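A quick write-up on the structure given underneath.
Only this structure's heavy atoms are used, side chains among them; waters, hydrogens and symmetry mates stay out. Note that this is a predicted model, so its numbers are computed, not measured. Here is the naming used below: chain letters follow the sequence lines, and residue numbers restart at 1 for every chain.
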Amino acid sequence: GSGGARLFAAVVDTFLEKLVAAGSYQRFANCYRCFYDLQPQLTRSIYDQFVSQLQASIQEEIQEVKNEGNLERLFDSLDKIVEEAKEREEPAWRPSGIPEEDMRSALLPHLLKHRSHLRRLLRDRQQDNSKVAQCVLAGRDRIAELQQLIQDRQQAWQ
Amino acid sequence: FDELIVETAARRKQWPKKILVHAIQAMKAEQN
Amino acid sequence: SVDPMAYEAQFFGFTPQTCLLRVYIAFQDYLFEMMLVVEGVILKKLDGIPGCNISPSQIRKCTEKFLLFMKEHFDKLFGKMEEMLLQLVLNIPKNVLLPEDRVQEQYPCSREQFQALQEELRQLQQQCRAEGAAGQALRAELEEQKVVRAELEKILEWFDGLESVCREHGTGNFKESFAFLTQNSKKLQEVLKDVEEKSK
């Protein structure tokens, strides 16, 4: 398993070891002195069962938490993420607690894309329009010319 | 309190993507 | 002063403290249950021993004594374990950014920058619309020019037609022939007058 998973297991195992060490057989026999004096072997086997059952239950619980929380996979991916960040010293970004603020960066790349689209569209339209405007101006000149021609002919006739 | 934290953290994880979907849709609609 | 460990919750999907609380309660339950089982087994064994004068309350006292001791150590050890797990395992180091938040470092953006960009987008949209409208107006004028030009060209053709009619009837330059015509008609009037006088 990954570093996180190993560490998790190691910490739990150490906890269990120390717990069993604390609740030693001596301690157990000492507390149940009256029964121990009567039945020392039985006391020992009851103690052994107590310890093994407790350990089994605790390991089972830990396994259940791991399964429910999908911890193996999460520890795995966390190790990778931590590995990728190992070069950087300074603290990384954290949610500000103001969704609008945090949303800005998520939106920014798309707004920038939108902006370049609009810029391109505007440029195309401006180029397009300036061509059409040339035609319109030429058309206006042509019409003025025609009107002048007509006027000349008309005057001539007049 | 715990549920609030988990709920808030889950939103922080998922909602930017959801919001982006709508924001991009809006931009595309505007472009069209 | 509680650290909600929200960033860890964002990654793990649960808050580490709650996870460990659940583990603590489960462990504690097991410990208590196991103690009751131990006590039950001992009592049953004692029942089977004839003439035994150990009372259940004595055994209960033994159980409480051992449990008290275990509980103390359990809490101390669990506290240590919790500390280790919260710091080393169920923890997102300060310098680590979760993948879904990478965008925060790739596109840092202050409120002012964001507003400036939104303003720029608004202006661009406005300009695009204006250019679009201008384009439509220009195209409309082009269409209109086509019609007007056709009309004007038709008038010019009409003049050309007029002139070619004149040419067909031998009057190349209309002005001269008109002057000629005017002269002729004047002469004719004089001749007419002359003739009338002679005939009187």
Side-chain angles (χ1 to χ4, degrees), chain A residues 4 7-8 11-12 15 18-19 22-23 27-28 31-32 34-35 38-39 42 46 50 53-54 57-58 61 65 69 74 78 81-82 85 88-95 102 104-106 108-109 111 114-115 118-119 121-122 125-126 128-129 132-133 135-136 139 142-143 146-147 149-150 153, chain C residues 7 11-12 14 19 23 26-27 30-31 34 38 41-42 45 49 54 58 62 65-66 69-70 73-74 77-78 81 84-85 88-89 93-99 101 103-105 107-109 114 117 120-121 124-125 127-128 131-132 134-135 138-139 141-142 145 148-149 152-153 155-156 159:
Chain A
L7 196 48
F8 186 78
V11 170
V12 172
F15 165 77
K18 291 187 181 299
L19 186 66
R27 178 76 60 185
F28 183 81
C31 291
Y32 284 98
C34 51
F35 183 72
L38 214 59
Q39 301 273 343
L42 193 51
I46 290 174
F50 162 71
Q53 187 56 48
L54 186 63
S57 306
I58 284 179
E61 169 67 15
V65 167
L74 286 172
L78 182 55
I81 296 170
V82 170
R88 68 172 303 155
E89 298 291 322
E90 71 284 1
W93 177 89
R94 284 294 181 268
D102 299 351
R104 280 201 301 259
S105 296
L108 194 62
L111 288 179
H114 190 41
R115 180 177 69 176
L118 287 175
R119 280 177 171 168
L121 178 72
L122 181 60
R125 281 196 174 168
Q126 283 168 339
D128 202 27
N129 283 351
V132 178
C135 299
V136 165
R142 177 70 183 131
I143 284 171
L146 289 170
Q147 281 167 333
L149 272 176
I150 287 169
R153 309 283 285 265
Chain C
Y7 211 49
F11 176 76
F12 286 106
F14 55 80
C19 172
V23 169
F27 283 14
Y30 293 141
L31 182 59
M34 291 316 295
V38 162
V41 167
I42 289 174
K45 294 298 172 195
I49 301 170
I54 300 174
Q58 268 179 286
C62 302
K65 188 176 165 195
F66 185 69
F69 177 82
M70 285 297 278
H73 276 72
F74 172 88
L77 288 168
F78 195 92
M81 176 169 82
M84 293 274 281
L85 291 178
L88 300 176
V89 181
K94 289 286 168 274
N95 68 327
V96 168
L97 188 67
L98 293 177
D101 292 329
V103 76
Q104 300 294 341
E105 303 219 318
Y107 297 95
C109 175
F114 194 77
L117 176 59
E120 185 182 353
L121 285 170
L124 278 170
Q125 278 145 5
Q127 285 174 309
C128 283
E131 283 298 333
L138 288 167
R139 282 185 185 76
E141 179 165 340
L142 270 190
Q145 284 183 2
V148 167
R149 216 171 40 222
L152 295 177
E153 272 151 8
I155 295 173
L156 275 179
F159 274 115

**OP:** Check whether A/Gln39 gets within reach of chain C through its side chain, its backbone, both or neither, counting any heavy atom under 4.5 Å.
**Re:** side chain
Subject >> Minimum heavy-atom distance between C/Leu97 and A/Ile81, given as atom pair plus value >> reply: O-CG2, 3.7 Å
Original post:
Are the side chain of A/Ser105 and the backbone N or O of C/Tyr107 linked by a donor-acceptor pair below 3.5 Å?
Top reply: yes
Original post:
Can you tell me if CE on C/Met34 sees more than 12 non-hydrogen neighbours from other groups inside 6.0 Å?
Top reply: yes
Original post:
Of all heavy-atom pairs between C/Gln104 and A/Asp102, which one has the smallest distance, and what is that distance?
Top reply: NE2-O, 2.7 Å
Original post:
Based on non-hydrogen pairs under 4.5 Å, which of A/Leu42, A/Val82, A/Val65, A/Leu74 is most in contact with chain C?
Top reply: A/Leu74
Original post:
Counting only N and O atoms by type, is there a donor-acceptor contact under 3.5 Å from the side chain of A/Arg125 to the main-chain atoms of C/Cys128?
Top reply: yes
Original post:
Can you tell me how far the CE atom of C/Met70 sits from the SG atom of A/Cys31, to the nearest 0.5 Å?
Top reply: 10.0 Å
**OP:** Could you grab the distance from atom CG of A/Leu54 to atom CG of C/Leu31, nearest 0.5 Å is fine?
**Re:** 6.0 Å
Subject >> Residue pair C/Val38 / A/Tyr32: nearest heavy atoms and the distance that separates them >> reply: CG1-OH, 4.0 Å
Subject >> C/Leu98 side, atom CG; A/Leu78 side, atom CG - distance, nearest 0.5 Å >> reply: 8.0 Å
Original post:
Rounded to the nearest 0.5 Å, how far does CZ of A/Phe15 lie from CG of C/Leu85?
Top reply: 10.5 Å
**OP:** Check whether C/Ile54 gets within reach of chain A through its side chain, its backbone, both or neither, counting any heavy atom under 4.5 Å.
**Re:** side chain
Original post:
Side chain, backbone, both or neither: which part of C/Pro108 has a non-hydrogen atom closer than 4.5 Å to chain A?
Top reply: backbone
Original post:
Do you know which two heavy atoms are closest between C/Val23 and A/Glu61, and how far apart they sit?
Top reply: CA-OE2, 4.4 Å
**OP:** Return the minimal non-hydrogen interatomic distance between C/Gln145 and A/Val136, and the atom names on each side.
**Re:** NE2-O, 2.9 Å
Original post:
With a 4.5 angstrom heavy-atom cut-off, which part of C/Phe69 approaches chain A: side chain, backbone, both or neither?
Top reply: side chain
**OP:** Decide yes or no for C/Glu120 and A/Arg119: does some side-chain heavy atom of the first lie under 4.5 Å from some side-chain heavy atom of the second?
**Re:** yes
Subject >> Intermediate values then yes/no, side chain to side chain contact (heavy atoms under 4.5 Å, CB included), C/Phe27 and A/Leu19 >> reply: CA-CA 11 Å; C/Phe27 283 14; A/Leu19 186 66; over 6 Å; no
**OP:** Rounded to the nearest 0.5 Å, what's the gap from CG on C/Leu152 to CD1 on A/Ile143? Could you check?
**Re:** 6.5 Å
Original post:
So which heavy atom on A/Cys34 is nearest to which on C/Cys62, and how close?
Top reply: SG-SG, 3.9 Å
**OP:** Would you mind checking which part of C/Phe14 comes under 4.5 Å of any heavy atom in chain A, side chain (CB onward), backbone (N, CA, C, O), both or neither?
**Re:** side chain
Original post:
Any idea which of C/Arg139, C/Gln127, C/Met84, C/Met81 has the most non-hydrogen atom pairs under 4.5 angstrom with chain A?
Top reply: C/Met81
Subject >> Contacts of A/Arg88 that satisfy side-chain contact (heavy atoms from CB on, under 4.5 Å) - sequence neighbours left out >> reply: A/Ala85, A/Glu90, A/Ala92, C/Asn95, C/Glu105
**OP:** For each of C/Lys94, C/Gln58, C/Gln125, C/Glu153, tally heavy-atom pairs with chain A at distances under 4.5 Å, and name the one with the top tally.
**Re:** C/Lys94
Subject >> Interchain contact, A/Arg27 with chain C, by part (heavy-atom threshold 4.5 Å) >> reply: both
Original post:
Which one of A/Gln53, A/Arg94, A/Gln147, A/Arg142 has the most heavy-atom pairs closer than 4.5 Å to chain C?
Top reply: A/Arg94
Original post:
Looking at A/Leu121, A/Leu111, A/Leu149, A/Val12, which one has more heavy-atom pairs under 4.5 Å with chain C than the rest?
Top reply: A/Leu111
Original post:
For C/Tyr30, is it the side chain, the backbone, both or neither that has a heavy atom under 4.5 Å from a heavy atom of chain A?
Top reply: both
**OP:** Just jot down the ring pair (Phe, Tyr, Trp, His ring centres under 6.0 Å) partners of C/Phe66, sequence neighbours excluded, or say none.
**Re:** A/Phe28, A/Phe50
Subject >> Point-to-point distance, once rounded to the nearest 0.5 Å, from CH2 of A/Trp93 to CG of C/Asp101 >> reply: 4.5 Å
